[in-house]
Amino acid sequence: MDSELRPAGQAHVPADTPVALVNMPFATIRHPSIQIGLLQAHGCRADIPLRSLYANLDFAARIGFQLHEALAIHRGALIGEWLFTKAAFPEHEAADEFPRRYGNIVDEVADVAGVPRADVVAIRDVHAPAFVAEMADRLVEAGTRVVGFTSTFEQNVASLALARAVKERDPAIATVFGGANYDADMGRAYLDAYPWIDIAVAGEADDIFVPLIQALLDGAAIPELIGVNTRTSNGNGTRGTYRGSMDALPVPNYDDYFEAIRRNGFHQEEIKWSLALPFESSRGCWWGAKHHCTFCGLNGMAWRAKSVETVVSDISTLATKYHVSSFLAVDNIIGVDMLRGLVSQMTEEEYDYDFFYEIKANLTRAQIRGMRDAGILRVQPGIESLSSPVLSLMRKGITGIQNINTLRWLRFYGVQAIWNILFGFPGEAQEDYDRQLEVIELTPHLRPPKGAGRIWLERFGPYFKEAEAFGFDNLRPDECYSYIYPPPLSLHDAAYFFQSDPTQTLTDDVYAPTQRAVERWQEMWRQPKRPYLLVTKTHPGIRVIDGRSNQQDPTTRFYKEPLSHVYLYCSDRPRGMRSILEFASEKRLESSDIEGDVQDVLQTWVRDGVMIEEDGRYLSLALPRMPWR
């Protein structure tokens with residue numbers, strides 16, 4: 001049967017594919033891989049004959065869209081990796097114990113996907129081995145000479161399984177691994193342990209991809225390239241970092257992704273409305289380059305950005321070529337100048353694009369309004385906590401009251417915030433969480449976090465690098481790795497997630513009330529009518545309508561002029577007492593004791609739960625009547 005006519009769900013490799021860039025499960029099928037999209041574009045510039053193989057799409061068609069995506073979004077014990085262990089490491093008997101040790105994870109995935117537990121286990125026992133064998137056969141049939149794997153999150157064991165199967169069929173085929181799972185010591189560890197890996201690339205590959213692939217195709221010696229590790233070379237001892245102009249990078253090539261969607265029939269599935277194309281406007285983290293957040297495991301903090309004009313051009317090219325209007329920025333954090341420029345360009349051109357971006361949660365109301373006008377409709381603001389002392393321990397450079405204000409205006413302008421509450425930081429105090437609980441009780445009208453949980457110890461983060469100093473004793477790879485990877489792999493060198501015996505953090509019972517409060521908050525937002533807290537300006541004063549409870553009818557409080565002006569003044573952003581008194585004086589509020597009257601009314605609003613105070617700064621919690629629900 002011709003490969004172009006294979007039914008959906010079967011492993012697919014077009015005939016005559018000298019170089020294959022493979023995106024294995026369990027990468028989400030909701031968008032293409034920008035990593036291989038960029039590499040394919042570099043290859044096309046150099047006339048290298050290559051194809052991108054979206055094996056994750058083929059596998060999702062085989063096991064079902066919902067089950068594949070439940071595994072793609074899961075974060076925790078590495079079940080996605082375990083599901084390919086029989087295909088990659090059939091000799092690893094400890095892998096058989098994973099369902100016993102992590103049965104709750106298997107059940108959780110089955111529940112999210114809406115399938116029986118047996119369907120999840122069948123992936124490991126039946127579908128993964130068969131799919132890997134088919135894929136390896138197709139690569140050999142297609143005359144493939146180089147197979148490149150992008151490996152991020154839980155797609156590493158699937159990639160290792162395919163590389164092993166390919167090498168068993170034809171040892172002459174070169175296998176190249178890269179991606180986040182192969183950064184720094186991790187790539188070297190996998191290379192040393194598993195002979196079916198020929199080359200492990202650490203870091204960004206833009207500078208080295210073309211000369212490396214050309215050498216492999218020509219049968220020439222591998223040149224000494226930064227970040228390129230072989231069994232006889234350590235890649236000059238460092239990770240690769242693209243050193244050219246960001247504006248010189250090509251626009252990613254996603255042709256093969258859309259062909260795979262068509263071939264597998266996903267244009268008729270949910271992916272049609274949720275599809276977003278990845279793009280980049282910067283690399284690194286401008287905040288992390290100055291103050292690396294203590295828990296963050298991102299590597300390569302050096303921040304570099306494209307020009308606004310190039311980003312707009314890239315978006316226009318992708319939109320025109322693929323007829324898509326939804327975009328996903330892969331930036332660690334948007335730069336201030338980029339935000340200003342994009343807002344200006346997109347608003348002026350009146351394009352109906354929508355974007356996802358990661359942002360720092362110190363934006364003003366005007367900046368958030370500008371984001372909404374420019375189509376930045378989904379953001380990850382990196383809030384992590386509503387407690388200023390805890391945020392200080394994180395080195396976030398922001399306060400709890402600022403985070404609350406950002407959530408207020410994101411809701412008002414209809415921008416979806418994706419965030420979490422984290423805990424488990426050395427130096428926390430119980431009163432930090434008691435105060436945060438009080439704040440949570442006052443803010444159910446703001447979008448809740450997606451979850452609340454302990455931080456993970458991640459390689460490259462300050463907590464990992466300085467574990468002993470922070471009280472993370474007995475640092476060791478997360479236990480789940482031992483059920484996935486057999487010897488001779490050095491788990492300490494290969495693992496990204498670690499566990500420890502912390503001596504300077506609080507116990508789980510202190511965090512439990514926060515988790516229960518977040519669950520109640522989420523439940524309130526699942527109701528037909530979401531909580532709200534509105535302020536309306538009337539004569540002579542303001543009316544605050546409190547619908548924060550799903551169980552009771554809304555209540556209304558009326559506050560008279562002239563001091564009601566102060567409530568509106570404290571609405572845009574947190575205000576200190578000096579600023580508030582200056583405002584009151586400018587308004588010429590009639591009072592024999594302006595300072596005393598202002599302090600009294602501020603305390604009244606705090607007592608009524610319509611305002612919060614933190615370190616002498618006051619923020620009104622109610623929002624104006626909303627143009628978007």
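Computed from a predicted structure; not experimentally measured. When a residue number appears, it is its place in the shown sequence, counting from 1.
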Can a donor-acceptor pair be found between the side chains of Tyr496 and Asn156 at a distance below 3.5 Å? no

Closest non-hydrogen contact found for Met135 with His12 is CE-O, 4.0 Å

Aromatic ring pairing Phe327/Phe279, orientation class (parallel under 30°, perpendicular over 60°, tilted between): perpendicular

Would you say the side-chain atoms of Asn56 pair up with the backbone N or O of Ala27, donor to acceptor, closer than 3.5 Å? yes

Do Arg124 and Asp96 meet the salt-bridge criterion of a basic N to acidic O distance under 4.0 Å? yes

Looking only at atom types and distance, does a side-chain atom of Asp16 sit under 3.5 Å from a main-chain N or O of Gly143, one as donor and one as acceptor? no

Taking atom types as modelled, find out whether Tyr190 and Ser151 have a side-chain donor-acceptor pair closer than 3.5 angstrom. no

Within the side chain of Thr17, is there an N or O that forms a donor-acceptor pair under 3.5 Å with the backbone of Pro14? yes

Take Lys306 and Asp314 through the side chain to side chain contact (heavy atoms under 4.5 Å, CB included) test and state the conclusion after the steps. CA-CA 10 Å; Lys306 292 184 177 181; Asp314 289 353; 2.7 Å; yes

Apply the test side chain to side chain contact (heavy atoms under 4.5 Å, CB included) to residues Arg454 and Thr505: give CA-CA distance (whole Å), side-chain angles for both, the deciding distance (0.1 Å), then the verdict. CA-CA 10 Å; Arg454 273 189 180 269; Thr505 65; 3.7 Å; yes

Ring centroid separation His492 to Phe498 under 6.0 Å: yes

If a pair satisfies salt bridge (Lys or Arg N to Asp or Glu O under 4.0 Å) and one of its residues is in residues 287-298, list it, with sequence neighbours excluded. none

Just so I know, are the side chains of Glu280 and Asp331 near enough to count as touching, which here means a heavy-atom distance under 4.5 Å? yes

Just jot down the side chain to side chain donor-acceptor pair (under 3.5 Å) partners of Tyr54, sequence neighbours excluded, or say none. none

State whether the side chain of Asp493 and the backbone N or O of Asp185 hold a donor-acceptor pair below 3.5 Å, judged by distance alone. no

Quick one: pull up CG in Leu50 and CG in Leu217 and give me the separation to the nearest 0.5 Å. 9.0 Å

If you apply the rule side chain to side chain contact (heavy atoms under 4.5 Å, CB included), what do you find for Ile197 with Phe149, and how did you get there? CA-CA 10 Å; Ile197 303 175; Phe149 296 91; over 6 Å; no

Are the side chains of Tyr257 and Leu275 in touch, meaning some heavy atoms are under 4.5 Å apart? yes

Side-chain touch Ile226/Asp207, heavy atoms, less than 4.5 angstrom: no

Distance from Cys285 atom SG to His292 atom NE2, nearest 0.5 Å? 8.0 Å

If you take all heavy atoms of Asn264 and Gly9, which pair is closest and at what distance? OD1-N, 3.0 Å

Rounded to the nearest 0.5 Å, what's the gap from OH on Tyr357 to OG on Ser282? Could you check? 7.0 Å

Just by distance, do the side chain of Arg164 and the backbone of Ala88 share a donor-acceptor pair under 3.5 Å? yes

Using only atom types and a distance under 3.5 Å, with no angle test, would you say the side chain of Trp196 pairs donor to acceptor with the backbone of Leu160? yes

Any idea which heavy atoms bring His31 and Pro278 closest together, and the distance? ND1-CG, 3.7 Å

Checking Val120 against Ile79 for the side chain to side chain contact (heavy atoms under 4.5 Å, CB included) test, could you report, in this order, the C-alpha distance in whole Å, the side-chain angles of both residues, the deciding distance, and whether it holds? CA-CA 10 Å; Val120 180; Ile79 184 172; 4.2 Å; yes

So, Glu358 side chain and Gln380 main chain: donor-acceptor pair closer than 3.5 Å or not? no

Residues Arg51, Asp255: salt bridge by 4.0 Å N-O rule: no

Please indicate whether Phe153 has more than 12 foreign heavy atoms, meaning atoms of other residues, nucleotides or ligands, lying under 6.0 Å from its CZ. no

With sequence neighbours left out, which residue pairs that include part of residues 461-473 fulfil the side chain to side chain donor-acceptor pair (under 3.5 Å) condition? Thr294-Tyr463

Scan the side chains in residues 68-77 for donor-acceptor partners under 3.5 Å anywhere in the protein, sequence neighbours excluded, and list what turns up.
unit_1	atom_1	unit_2	atom_2	d
Glu69	OE1	Thr28	OG1	2.5
Glu69	OE2	Ile29	N	3.1
Arg75	NH1	Ala72	O	3.1

Restricting to side chain to side chain donor-acceptor pair (under 3.5 Å), what partner residues turn up for Arg145, sequence neighbours left out? none

Report yes if some heavy atom in the side chain of Val201 is under 4.5 Å from a heavy atom in the side chain of Phe209; otherwise report no. no

Those residues at least two apart in sequence (or on a different chain) that pass ring-ring contact (aromatic ring centres under 6.0 Å, His included) with Phe258 are Tyr322

I'd like to know if the side chain of Gln155 and the backbone of Thr152 have a donor-acceptor N/O pair within less than 3.5 Å. yes

Residues 33-41 side chain polar contacts: donor-acceptor under 3.5 Å, at least two apart:
unit_1	atom_1	unit_2	atom_2	d
Ser33	OG	Gln35	N	3.3
Ser33	OG	Gln35	OE1	3.0
Ser33	OG	Ile36	N	3.2
Gln40	OE1	Ser52	OG	2.4
Gln40	NE2	Asp256	OD2	3.1

Would a distance-only check, ignoring hydrogens and angles, find a side-chain to backbone donor-acceptor pair under 3.5 Å from Arg30 to Ala276? no

Just so I know, are the side chains of Tyr481 and Leu78 near enough to count as touching, which here means a heavy-atom distance under 4.5 Å? yes

Keeping Tyr182 on the side-chain end and Leu191 on the backbone end, is there a donor-acceptor pair under 3.5 Å? no

Could you tell me whether the side chain of Lys396 reaches within less than 4.5 Å of the side chain of Ser385, counting heavy atoms only? no

Gly335 to Trp303 - nearest heavy-atom pair and separation: CA-CZ2, 3.8 Å

Could you tell me whether the side chain of Trp82 reaches within less than 4.5 Å of the side chain of Cys480, counting heavy atoms only? no

Shortest non-hydrogen contact from Pro462 to Phe470? O-CE1, 3.9 Å

Residue set satisfying ring-ring contact (aromatic ring centres under 6.0 Å, His included) with Tyr102, at least two apart, ordered chain then number -> Phe98, Tyr483

I'd like to know if Asp183 pairs up with Arg459 as an ion pair, taking the criterion as any Lys NZ or Arg NE/NH1/NH2 lying under 4.0 Å from an Asp or Glu carboxylate oxygen. no

Sequence neighbours excluded, the answer for side chain to side chain contact (heavy atoms under 4.5 Å, CB included) partners of Glu204 is Asp206, Thr241, Tyr242, Arg283, Arg304

Please identify each residue that fulfils ring-ring contact (aromatic ring centres under 6.0 Å, His included) with His92, with sequence neighbours left out. none

What's the shortest heavy-atom distance between Ala87 and Val132, and which atoms? CB-CG2, 4.0 Å

Salt bridge (Lys or Arg N to Asp or Glu O under 4.0 Å) pairs, two or more places apart, involving residues 190-201: Lys167-Asp198, Arg188-Asp192

Which residues pass the side chain to side chain donor-acceptor pair (under 3.5 Å) test with Tyr194, sequence neighbours left out? none

Is the closest side-chain heavy-atom distance between Leu249 and His42 below 4.5 Å? yes

